[in-house]
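For ligands, and for the atoms within them, numbers begin at 1 and follow the listed sequence.
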Amino acid sequence: MNEILVLAEHRGGTLGDITWELIACGNTLAEQAGCSVAVALLGRDVGQLAEQLAAAVGDVVVVDNDRLEHFVSDTYQQALVQLIAQRAPALILMGHTACGLELAPAVATSLAIPLVTDCIGLTFEGDALTATRQLYGGKVSADVLCKPSDRYLATIRGGAFPADESPAAAGTISTAEVTIEEDDGLKRFIEYLECEAGEVDITQSDVIVAVGRGIKEQKDMAIVEEFASSIGGVLACSRPIIDKKWLPKDRQVGSSGKTVRPKLYIALGISGSFQHLAGIKSGGTIVAINKDPNAPFFTVADYGIVADLFKVLPVLKTKIEELKQGS
Ligand SMILES: Cc1cc2nc3c(=O)[nH]c(=O)nc-3n(C[C@H](O)[C@H](O)[C@H](O)COP(=O)(O)OP(=O)(O)OC[C@H]3O[C@@H](n4cnc5c(N)ncnc54)[C@H](O)[C@@H]3O)c2cc1C
């Protein structure tokens, strides 16, 4: 089996977390299949990113082209299809991200190869690829055997693999030449719209205080907001809070919201439906506060408090402040 080719994602001179997660996935698979991993870095003036990647991965192949300065799926597709033809990898890995979702089907169609999306696990048995995917909103995990092929393309769900940035043996950086046709103008890059100052990206937060339907009145949001900021956290929520429009949609955690991986996740009055839990990746400490001892959240929580959240919060806040002052 030839190599596994990982497509690096980057923006504004920074590699996306998904790139390191894809590398971790590629490394695990390569060990299993006895093949190598290479990272494809497409862009313009990306030498610094190539060096960063080469410190952690054996082989980095750079396609440097003015037309690849910003992600536009048509130009990326042209470059990637040629790169794949040159290197003949057995598997191409992309993130199940906005970029990957746009690019992967187009590349798979151009090359007439099987595509399996939103994978949370992959295994090779010989040359046969099996992907683990979640169905019915995360209620069922299915192992999907891909149609036999010399080459496969898979997109990986963010957070499914722990990011691996640890340095490996000194890597090599090579370049690949591709021809990118004059674009037809159907798709073009206009500008990146950054979050406005003050907006919160819960996927980047180390401490999250998440609220659910246990908050019965909108006025009580102020209490939890104050608690969150007193412990240096940000506010997130379950879907009913979005439905009531008490928080913006980008604060929703879950299968139809964001996937988060904080160091501390405090769930206040959230039952713990599988759709909500699908958005919390393991690794950090989970604390659940709920009146109902049978709430499913307690099955995944590291610490559980069976009580009325409005009675617990002031005690917790005081205790945390005392500990902070003592330290
Ligand atoms: C296709 C689909 C996608 C979905 N996607 C998502 C998603 O991405 N994210 C998501 O969150 N949901 C999602 N949902 C909704 C999900 O199924 C649940 O309905 C939702 O997560 C429930 O939210 P909740 O836990 O806040 O509310 P509830 O299930 O009503 O739970 C409220 C909890 O608060 C507790 N409580 C009440 N009062 C107090 C109090 N004073 N103190 C302490 N505890 C108290 C109760 O015991 C209860 O456990 C989705 C549903 C579908 C069908």
Side-chain angles (χ1 to χ4, degrees), residues 95-98 101 117-118 120 133-142 157-160 199-205 207-228 230-231 233-262 264-320:
H96 194 73
T97 56
L101 275 168
T117 59
D118 201 14
I120 56 167
R133 307 178 71 238
Q134 289 190 331
L135 308 177
Y136 304 112
K139 218 168 195 170
V140 173
S141 278
R157 181 181 289 190
E199 283 182 13
V200 168
D201 180 358
I202 57 170
T203 64
Q204 301 302 313
S205 305
V207 180
I208 292 180
V209 176
V211 292
R213 206 161 8 210
I215 306 288
K216 305 251 170 18
E217 295 184 60
Q218 189 170 11
K219 68 174 173 51
D220 292 332
M221 290 295 287
I223 300 172
V224 285
E225 183 130 38
E226 200 215 320
F227 172 73
S230 76
I231 61 165
V234 299
L235 216 50
C237 63
S238 63
R239 195 156 99 173
I241 299 295
I242 303 297
D243 295 340
K244 290 177 200 245
K245 301 198 185 337
W246 291 356
L247 281 175
K249 170 79 183 146
D250 58 10
R251 301 289 184 104
Q252 181 186 321
V253 172
S255 57
S256 58
K258 297 262 173 92
T259 300
V260 295
R261 193 196 282 275
L264 176 64
Y265 191 90
I266 303 181
L268 305 173
I270 302 180
S271 56
S273 67
F274 68 88
Q275 290 98 343
H276 185 81
L277 298 181
I280 309 166
K281 290 297 151 203
S282 58
T285 302
I286 298 177
V287 181
I289 303 173
N290 198 305
K291 279 199 304 197
D292 175 5
N294 296 315
F297 226 123
F298 290 130
T299 62
V300 297
D302 298 287
Y303 299 95
I305 303 172
V306 181
D308 183 332
L309 70 96
F310 294 106
K311 292 195 177 133
V312 175
L313 278 193
V315 182
L316 210 54
K317 189 166 168 256
T318 313
K319 199 79 203 158
I320 291 170

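- In terms of protein heavy-atom proximity, atom 53 (C) of ligand 1 is closest to Gln275 NE2, 3.8 Å.
- For atom 34 (O) of ligand 1, the nearest protein heavy atom (residue, atom name, distance) is Gly269 O, 3.0 Å.
- The distance from ligand 1 to the heavy atoms of Lys216 drops below 4.0 Å at these ligand atoms: 37 (C), 38 (N).
- Relative ring orientation between Phe297 and Tyr265 is described as parallel, the plane-to-plane angle staying below 30° on a 0-90° scale split at 30° and 60°.
- Within 6.0 Å of CD on Glu226 lie no more than 12 heavy atoms contributed by other residues, nucleotides or ligands.
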Intermediate values then yes/no, side-chain contact (heavy atoms from CB on, under 4.5 Å), Phe227 and Leu316: CA-CA 9 Å; Phe227 172 73; Leu316 210 54; 3.8 Å; yes
Leu235 and Met221: CA distance, side-chain angles, deciding distance, side-chain contact (heavy atoms from CB on, under 4.5 Å) verdict: CA-CA 10 Å; Leu235 216 50; Met221 290 295 287; 4.1 Å; yes
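- Of the listed residues (Arg213, Lys258, Gln252, Lys311), the one carrying the non-hydrogen atom nearest atom 19 (O) of ligand 1 is Arg213.
- Protein heavy atom nearest atom 36 (N) of ligand 1, with residue, atom name and distance: Gly214 CA, 3.7 Å.
- Compare Ile241, Asp220, Val306, Asn290 by their heavy atoms: the one nearest to atom 49 (O) of ligand 1 is in Asn290.
- Annotation: atom 29 (O) of ligand 1 to nearest protein heavy atom, Ser271 OG, 2.7 Å.
- The option from Ser273, Ala307, Ser256, Ala288 that lies nearest to atom 16 (C) of ligand 1, judged by heavy atoms, is Ser273.
- Evaluation of the side chain to side chain contact (heavy atoms under 4.5 Å, CB included) rule for Arg239 yields Asp243, Gln252, Ser256 as partners, not counting sequence neighbours.
- Within the listing of ligand 1, atoms 11 (O), 23 (O), 24 (P), 26 (O) sit less than 4.0 angstrom from a heavy atom of Ser238.
- The nearest protein heavy atom to atom 1 (C) of ligand 1 is not closer than 4.0 Å.
- Here Lys291 does not pair with Asp308 in a salt bridge; the nearest charged N to carboxylate O distance is not below 4.0 Å.
- Numbered from 1 in the order shown, with element, the atoms of ligand 1 that lie under 4.0 Å from a heavy atom of Leu309 read 40 (C), 42 (N), 43 (C).
- Lys244 NZ: more than 12 foreign heavy atoms inside a 6.0 Å radius.
- By the 4.0 Å heavy-atom criterion, Gly279 is excluded from the residues contacting ligand 1.
- Residue-ligand proximity, Val253 to ligand 1, at heavy-atom distances under 4.0 Å covers atoms 7 (C), 8 (O), 9 (N), 10 (C), 11 (O).
- Of the protein's non-hydrogen atoms, the one nearest atom 44 (N) of ligand 1 is Lys291 N, 3.1 Å.
- Annotation: atom 41 (N) of ligand 1 to nearest protein heavy atom, Asp308 OD1, 3.1 Å.
- Between Ile120 and Ser141, some side-chain heavy-atom pair lies under the 4.5 Å cut-off.
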Stepwise side-chain contact (heavy atoms from CB on, under 4.5 Å) test for Ile231 and Ile266: CA-CA 11 Å; Ile231 61 165; Ile266 303 181; 3.8 Å; yes
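- Those atoms of ligand 1 that come under 4.0 Å of a heavy atom in Gly212, given as number and element, are 26 (O).
- Nearest protein heavy-atom neighbour of atom 3 (C) of ligand 1: Arg239 NH1, 3.3 Å.
- Annotation for ligand 1: atoms under 4.0 Å from non-hydrogen atoms of Gly257 are 8 (O).
- Close contacts of ligand 1 with Asp292, meaning ligand atoms under 4.0 Å from a residue heavy atom, involve 47 (O).
- Only one option out of Val207, Thr203, Ile208 pairs with Ser205 in a side-chain contact (heavy atoms from CB on, under 4.5 Å); it is Ile208.
- A donor-acceptor pair is defined here as one N or O able to donate and one able to accept, closer than 3.5 Å; such a pair exists between the side chain of Arg133 and the backbone of Thr117.
- Taking CG of Asp201 as the start and CG of Asp250 as the end, the distance is 8.0 Å to the nearest 0.5 Å.
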